[in-house]
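What follows is one structure encoded as structure tokens, with my remarks underneath.
To find a chain, count down the sequence lines: A is the first, B the second, and so on, and within it residues start at 1. Quantities reported herein were computed from a predicted structural model and do not represent experimental measurements.
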Amino acid sequence: MSKGKAETRKSEVLQGTLDLMILKTLDVLGPLHGYGIARRIEQISRDVLQLNEGTVYTSLLRLQQQGWISSEWGASENNRKARFYSITARGRRQLANETENWDRISGVIARVLQLSPER
Amino acid sequence: MRGWRKFWWKAAALLSRKRRDPEFDEEIAAHLKLLEEDYRRQGMTPRRARSAALRQFGNVTLLKEVRHAMTTFTAIRTILQDLRYGARLLRKDLGFTTVALMTLALGIGASTAVYSLVRAVLLESLPYRNAGRLVVPRTIFQRDSYNDRGSVSYADIIDWREKRDFFDAVSAFNSGSVSLTDGEDPERIHGLVVDERFFSIFGDPFVIGRGFTAAENLPGAGRQAVLSYGLWMRRFGGDNRALGRRIEVNGIPHEIIGVVRKDSTWPDDAEIFRPIGTGGTPDANMLRRDNHVYAAIARLRPGVSISQAQAWMTVAAARVARTETNRAGTGWKLHSLAGYIVPSGVKQAILALFGAALLVMLIACVNLASLVLARGATRMREIAVRGALGASRPRLVGQFLAESALLSAAGGAAGILLAVRFGSRVGTVCAG
């Protein structure tokens, strides 16, 4: 399972942002199961994000291990048994922190990119 | 902080015996089912829908592997696996296992037993303060055969006491059996009669109470007794109020004035001490040079070596032998306390035994190594198959290490059991 260095970094960044997106999704839309989360992210990213849906589960496990989301079994739309994930209080705090970080970083980058060449 | 949560996750997973994760399988299956239905609604055939769903989901096996790696202490799991497999293999090959275990048990048992003896007898110092300065003066008799452990006369003790620049203190004592005649169980035990300097030479090793005073050592006085720790526990249950109570020795009540510590050892394993009655002015009988009825123990002055003191004693003894009646051919020998307890003959025997035990251990190791090697040769095919299936070198090595570890642990345990059970016999044989 060895990847190239650049690819590794990219997939790590992707995993990190995926975690964030899942947290936000759960925060906004309430408890969802894995399929539901994948669909919403697909919608939100307007099909720009092409990832294997299975990776969602890796993120979900990581979020669970950190205590940011919790899970319990329930019934899905078609009355099938499904595992629903919901955000926890810790998760909400983490979301707030991360959002602030993003805003700050993207603000800085935006300002840097708007600099025009000096005469 | 973050690392801890992950740790508890993995720990919980370790304790649960489930090898698979059926719940996760169910979750994935449900997800795939939903994807399939989506595609079917779009008009695909069931088979096409299934492949499309799988393609969109991604590699299921890889996902499960990644998840497994995230939720287990892989290292511990592997070790446990290897141990279980190793145990199974060893049980199947009972012939090899028995021989290997016996070899190990013998080697380890012998070495352990003899080493315990060596440690107790040779390495551990005596439990007294200033044990290095304690010496045992004895008379040398040469009439029938050479004996340097003869009893001493009181006049000799007086001479040593007067040599104050060599000896801190010299104490007279004697040993014998006594009967404890009170209480429900009269018993016969070993006892010592000692003077007022005896216990101070040993650093006053008292749990409670004290030793004898000069007044208590006067002839005719001396109705006091000091008990050993064991006797105190046996007859008085370790009660501090035993001090001042009476114990009847040979029909005569004595007042208990002290109890000595648990780790102290005394000549003949004596359990009770009474005053010897050598206090005051010695009478003519006591002063006879040929009355060798006493034992003595002395403490050297700090800075005086045994050889120095011995040199003086040899000269002084020669003078006594020349001038006193019935003392021709006698001399004085100064033993160190440690050397007196373990005479050099016994010491050498023990060391020889230790060497032998180490050799036995060496032979056992060599035997075991060849056994394991032979067994390894018959397993080459198993290794080849495992390697072909993808086992990495470390894992293969780990497997064999686990088996060896199991053998060693079992063999070691058996060896220690042997040593505990039969070890004391080794000591008795050596002493005899």
- Task: Locate the shortest heavy-atom distance separating B:Met70 from A:Gln65; write the atom from each residue and the value.
- Result: O-NE2, 3.1 Å

- Message: With a 6.0 Å cut-off (strictly less than), is the heavy-atom count around CH2 of A:Trp102, excluding the residue itself, greater than 12?
- Response: no

- Message: Rounded at 0.5 Å granularity, tell me how far OH in A:Tyr35 sits from CD in B:Glu37.
- Response: 8.0 Å

- Between the CZ atom in B:Arg67 and the CZ atom in A:Arg62, the distance rounded to the nearest 0.5 Å is 12.0 Å

- Do B:His31 and A:Val56 touch side chain to side chain, with heavy atoms closer than 4.5 Å? no

- With a cut-off of 6.0 Å (strictly less than), are more than 12 heavy atoms of other residues, nucleotides or ligands near CD of B:Gln42? yes

- Between A:Tyr57 and B:Phe24, what is the ring plane arrangement, given parallel below 30°, perpendicular above 60°, and tilted in between? perpendicular

- Task: Starting at CD of B:Glu23, measure out to OG of A:Ser71 and round the result to the nearest 0.5 Å.
- Result: 8.5 Å

- Take atom CZ of A:Arg92 as the centre, draw a 6.0 Å sphere, and report whether it contains more than 12 heavy atoms from other residues, nucleotides or ligands. yes

- About how many Å separate CG of B:Leu35 and CZ of A:Arg39, when rounded to the nearest 0.5 Å? 5.5 Å

- Note on the structure: Given B:Leu63, B:Leu34, B:Val60, B:Asn59, the one with more heavy-atom pairs under 4.5 angstrom with chain A than any other is B:Leu34

- Hey, what do you get for CG (B:Leu32) to CD (A:Glu53), rounding to the nearest 0.5 Å? 9.0 Å

